[in-house]
Amino acid sequence: MTNIPISHPRYKSLLIREKLVRGFDIGLVAKEGLLAQGRGEAFDYLVGEKTKVFSKNAIKAAAAMLVSAKSPVISVNGNVAALCPKEIVELSKTLGAKIEVNLFYASKTRKAKIVNVLRKNGADKVFGTKPSSSVILSSLDSARRIVDKDGIMSADVVLVPLEDGDRTIALRKSGKKVITFDLNPLSRTSQTANITIVDNIVRALPLLTKECVRAKKKHKKELLEKLQLYDNKKNLSICIEEIQQNLLRRLKLA
Ligand code: PTJ
C-alpha cells in the first residue's frame, strides 16, 4: 500500500482510494469499480468532502425507514465490500437486517471473495449465493436482476449503496422502498430512490448505524411522522444548490 503522508491536505480521500485499489488487487472490486470511485471522488470534492446537513437529514429519514421496516435487506457490491465490510455487518446486526451480495459485473469468484470478507467481519449469513434460491427481478436486464428469493425479493426496504439506476427503478416498480448512498445527486439512482444519502459511504455509514440505534428507542408513530416530513427531491435540490454555491464562491475568489 502506498505510504500517504498524514499531512497531505486530502489524506482521508487518498486513503479511501487506496482501500479501493487494494480491494481491486485482492479481487473484490471490478475494474469498473475504480471508475465508479473516481466519479464519486469528483462529486465528493464538489460537496466539500464533509457530511452536510442534507446528508444528516437523509440519514435520519433512512434510519426511521430501516427501523420501521419488516424485512430490511442490505445489498453489497464489490466497492462496498472493499470500503466498509465491518460497518455493513454492524448495521445489519443493529437492524437484524439480511445482507445480500448482488453484482452488476457478475462473477462467481468475486462473489465468493465478497462473501468471505463479510464473514470475516462477522456476518452470519450472506444471501445471494445459492442458485436454488435465485429468482428474477422483473423490468431489469443486467446481472443484478438475479436476486435471492429469501433476501432482496422478500424485502420491503432495500439499502442499495453505490448503485446503478436501472435496479433502483426495478426495485421501486416491484413495490420496494429504496435507500441509497450516492455522492452524485444527479444520478438516476439518486433521483429515483426514496431516500438518497449524498455523502461518502465511508463517512456516512457509521452515522447511519448510530442513528438506527437512536431510532430503535423511539415509538414507531414518531418514526413514521418523521418519514412523512422527509422530501427526497427537496433534499437533493438543497444539495445541488449547495454545490452551485460552492462553485460560485470559487468563481468570485478567482
Ligand atoms: O461490484 P459490482 O459489479 O456490483 O459493480 C459496482 C459498481 C459500483 C462498479 C457498479 O454498481 C457501477 O458501475 O456503479 P455506477 O453506475 O458507477 O454508480 C456508482 C455511483 O456511486 C456513482 O454515482 C458514484 O458517484 C457513487 N459513488 C462512488 N463511490 C462512492 C459513491 N457514493 C458514495 N460513496 C462512495 N465512496
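Just so you know, ligand 1 is whichever comes first in the structure, and atom 1 is the first atom listed for that ligand.
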Taking the side chain as every heavy atom from C-beta outward, state whether [X] and [Y] have any atom pair closer than 4.5 Å.
{"X": "T168", "Y": "R188", "answer": "no"}
{"X": "D166", "Y": "D141", "answer": "no"}
{"X": "L83", "Y": "Q37", "answer": "yes"}
{"X": "N194", "Y": "N232", "answer": "no"}

Check each atom of ligand 1 against the heavy atoms of [X] and keep those under 4.0 Å away; list them by number with element.
{"X": "N184", "answer": "23 (O), 25 (O)"}
{"X": "G78", "answer": "1 (O)"}
{"X": "A36", "answer": "8 (C), 17 (O), 24 (C), 28 (C), 29 (N)"}

field: Residues T196 and D182: side-chain donor-acceptor under 3.5 angstrom
entry: no
- prompt: Hey, what do you get for CD (E100) to CG (D150), rounding to the nearest 0.5 Å?
  reply: 9.5 Å
field: Nearest-0.5 Å distance that lies between atom CD in E211 and atom CG in L91
entry: 12.0 Å
Mind checking whether [X] has a heavy atom under 4.0 Å from ligand 1?
{"X": "D199", "result": "yes"}
{"X": "N200", "result": "yes"}
{"X": "R110", "result": "yes"}

- prompt: Do any N/O atoms on F104 end up under 3.5 angstrom from N/O atoms on ligand 1?
  reply: yes
- prompt: Do L103 and ligand 1 have an N or O pair less than 3.5 Å apart?
  reply: no
task: Kindly identify the option in D182, I201, L186 whose heavy atom sits closest to atom 22 (C) of ligand 1.
output: D182
- prompt: Can you tell which of V29, L162, T180, V202 gets a heavy atom nearest to atom 14 (O) of ligand 1?
  reply: L162
Can you tell me the protein heavy atom closest to [atom] and the distance?
{"atom": "atom 6 (C) of ligand 1", "result": "N77 ND2, 3.6 Å"}
{"atom": "atom 10 (C) of ligand 1", "result": "R144 NH2, 3.8 Å"}
{"atom": "atom 17 (O) of ligand 1", "result": "R39 NH2, 2.7 Å"}
{"atom": "atom 18 (O) of ligand 1", "result": "E163 O, 3.4 Å"}
{"atom": "atom 9 (C) of ligand 1", "result": "G33 CA, 3.6 Å"}

- request: Return the minimal non-hydrogen interatomic distance between F181 and L159, and the atom names on each side.
  value: CE1-CD1, 3.9 Å
query: Does atom 31 (C) of ligand 1 have a protein heavy-atom neighbour under 4.0 Å away?
result: yes
- prompt: Quick one: is the NZ or CZ of K125 closer than 6.0 Å to the six-membered ring centre of F127, and within 45° of its axis?
  reply: yes
message: Applying salt bridge (charged side-chain N to carboxylate O under 4.0 Å, His left out) as the test, list every pair that has at least one member in residues 233-245; sequence neighbours left out.
response: K52-E242
